[in-house]
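In what follows, every chain begins at residue 1, and chains take the letters A, B, ... in the order their sequences are listed. Quick caveat, the model's predicted, so the values are computed rather than measured.
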2 protein chains.
Amino acid sequence: MFKITRKLEYALIALRYIQGQSEDKVVSAKEISGVYRIPLQLLAKILQELSKHDILEATQGAHGGYKLKKSLDQMNLTALIKILEGPIGIMDCSIDTKCVQLDICNIRKPINRVNDAIISMFDNLTLSEITGI
Amino acid sequence: MFKITRKLEYALIALRYIQGQSEDKVVSAKEISGVYRIPLQLLAKILQELSKHDILEATQGAHGGYKLKKSLDQMNLTALIKILEGPIGIMDCSIDTKCVQLDICNIRKPINRVNDAIISMFDNLTLSEITGI
DNA sequence: ACATATACGACTTTTTTAGTCGTATATAAT
DNA sequence: ATTATATACGACTAAAAAAGTCGTATATGT
Ligand code: SF4
Ligand code: SF4
């Protein structure tokens, strides 16, 4: 309950690692997978998603890999979560509206306030603040 | 990802409902289950847990049910979550320490700060603020 | 005695998350 | 050209967590 997914953690670890390398070095999924013991195939898919969303730039073929495409202080945690996991929301009704309790729910408004507070916190958190400097 | 569990929502709905009834009325699980269309057995188990932790006071037998045992402004969301779901923590290492990445993790500290911010937010949120006045 | 309610553990189902596999394609080096 | 290495991508399986059910015992008001 209320946990960050592994997927997201792997993405952050990778982003921070890539950020720590020299500006124009392309870093392969294999390298990161080795250093942090992240399952290669899984990490690869994550990096591919980040690449598809213009956070990373991929180079194919031998000696290929990834490098940052946009500065990490230009993106917040909300954006990253949306890419990897879709819309954020601590309760169902904040995302879709199939909840049976919806019309009579007596906690919807207050829970929504909590939801907003968390999202706003994520909005104001740049990735560079998470990945250090 | 990052969602409140149904269990927690049902607990909050029930607490708010009981709070809305006249002070010394005992409210049965069946009544709440009926009003909010919450599966009876599931709700019953939740209320039993709350009762075991002195948040509700149970009356057994016919015409039995529950009433509040402590005022809701004397308990915060963190406490309720701990009762229903155990220790809070947005990443594994904030709870137990079996993560393979633990010793080399490059995002642990910053993620921990996020974790602390969320917990502190929950700490400062009394149940009465969620269940309304 | 009976109806109604809590108490509680075991169990099953459903949903979500995590991880794997297979195959295609791009590219550098030999 | 061939080989080795890497990304790209969809389908699949496995594992874990959450949601819900069942059965049975016990308490109590009528
Ligand atoms: S309507 Fe109420 S019970 Fe349903 S998802 Fe929203 S907050 Fe939760
Ligand atoms: S050590 Fe790092 S990867 Fe492991 S649970 Fe903690 S934050 Fe996540």
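- Between A:Tyr66 and B:Leu8, it is A:Tyr66 whose nearest contact on DNA chain D lies nearer the 5' terminus.
- Heavy-atom neighbours of B:Lys25 NZ from other residues, nucleotides or ligands within 6.0 Å: above the threshold of 12.
- With sequence neighbours excluded, the residues forming a side-chain contact (heavy atoms from CB on, under 4.5 Å) with A:Lys70 are A:Met75, listed by chain and number.
- What separates CD of B:Glu85 from P of D:dA17 is a distance of 13 Å, to the nearest Å.
- A heavy-atom distance below 4.0 Å to DNA chain D is reached by these residues of residues 28-40 of chain A, ordered by number: A:Ser28, A:Ala29, A:Lys30.
- Taking each heavy atom of B:Ala11 and B:Leu50 in turn, the nearest pair found is CB-CD1, 4.2 Å.
- The ring-ring contact (aromatic ring centres under 6.0 Å, His included) contacts involving residues 99-124 of chain A comprise A:Phe122-B:Phe2, where partners must be two or more places apart or lie in separate chains.
- Look at CD1 on A:Ile46: it is 13 Å from P on D:dT7, rounded to the nearest Å.
- One finds the CD1 atom of A:Ile90 at 3.5 Å from the CD1 atom of B:Ile4 (value rounded to the nearest 0.5 Å).
- In the region residues 109-119 of chain A, proximity to DNA chain D at under 4.0 angstrom, judged on heavy atoms, holds for none of the residues.
- Distance B:Lys7 NZ to D:dA19 P: 9 Å, rounded to the nearest Å.
- Rounded to whole Å, the distance from CD on B:Glu49 to C1' on C:dT6 is 14 Å.
- The shortest heavy-atom contact between B:Asn124 and B:Glu129 is O-OE1, 3.5 Å.
- Look at B:Tyr10 and you won't find any side-chain N or O under 4.0 angstrom from OP1 or OP2 of D:dA19.
- For A:Leu47 and A:Phe2, each mapped to the nucleotide of DNA chain D holding its nearest heavy atom, the one lying further toward the 5' end belongs to A:Leu47.
- Using a 4.5 Å heavy-atom threshold, the side chains of B:His63 and B:Val26 count as separate.
- If you measure from atom CG of A:Leu42 to atom C1' of C:dC21, you get 13 Å, rounded to the nearest angstrom.
- Legend: salt bridge (Lys or Arg N to Asp or Glu O under 4.0 Å) pairs involving residues 38-49 of chain A, not counting sequence neighbours, sorted by first then second residue: A:Lys7-A:Glu49.
- Whole-Å rounding puts the B:Leu43 CG to C:dA7 C1' distance at 14 Å.
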Could I get a table of every N or O pair under 3.5 Å where one atom is in the protein and the other is in nucleotides 8-16 of chain C?
| from | atom 1 | to | atom 2 | distance (Å) |
| --- | --- | --- | --- | --- |
| C:dA10 | N6 | B:Lys45 | NZ | 3.2 |

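- Residues passing the side-chain contact (heavy atoms from CB on, under 4.5 Å) test with A:Pro87 are A:Ile95, sequence neighbours excluded.
- For residues 98-113 of chain A, there are no salt bridge (Lys or Arg N to Asp or Glu O under 4.0 Å) pairs, not counting sequence neighbours.
- Atom CD in B:Glu9 sits about 14 Å away from atom P in D:dA18, given to the nearest Å.
- Residues satisfying the side-chain hydrogen bond (donor to acceptor under 3.5 Å, both in side chains) test with B:Arg6, not counting sequence neighbours, are A:Gln101, B:Glu9.
- A search for side-chain contact (heavy atoms from CB on, under 4.5 Å) contacts involving A:Asp24 returns A:Ser22, A:Lys67, not counting sequence neighbours.
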What does the list of N/O pairs under 3.5 Å between the protein and nucleotides 27-30 of chain D look like, with a distance for each?
| from | atom 1 | to | atom 2 | distance (Å) |
| --- | --- | --- | --- | --- |
| D:dA27 | O4' | B:Gln60 | OE1 | 3.0 |
| D:dT28 | O2 | B:Ala62 | N | 3.3 |

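- Nearest to the side chain of B:Thr5, among D:dA19, C:dG19, C:dT6, sits D:dA19.
- Between the side chains of A:Glu85 and A:Thr5, at least one donor N or O sits under 3.5 Å from an acceptor N or O.
- Residues forming a side-chain contact (heavy atoms from CB on, under 4.5 Å) with B:Lys82 (at least two apart in sequence, or on another chain): B:Thr78.
- Remark: P of C:dA5 and CD of B:Glu57 are 18 Å apart, rounded to the nearest angstrom.
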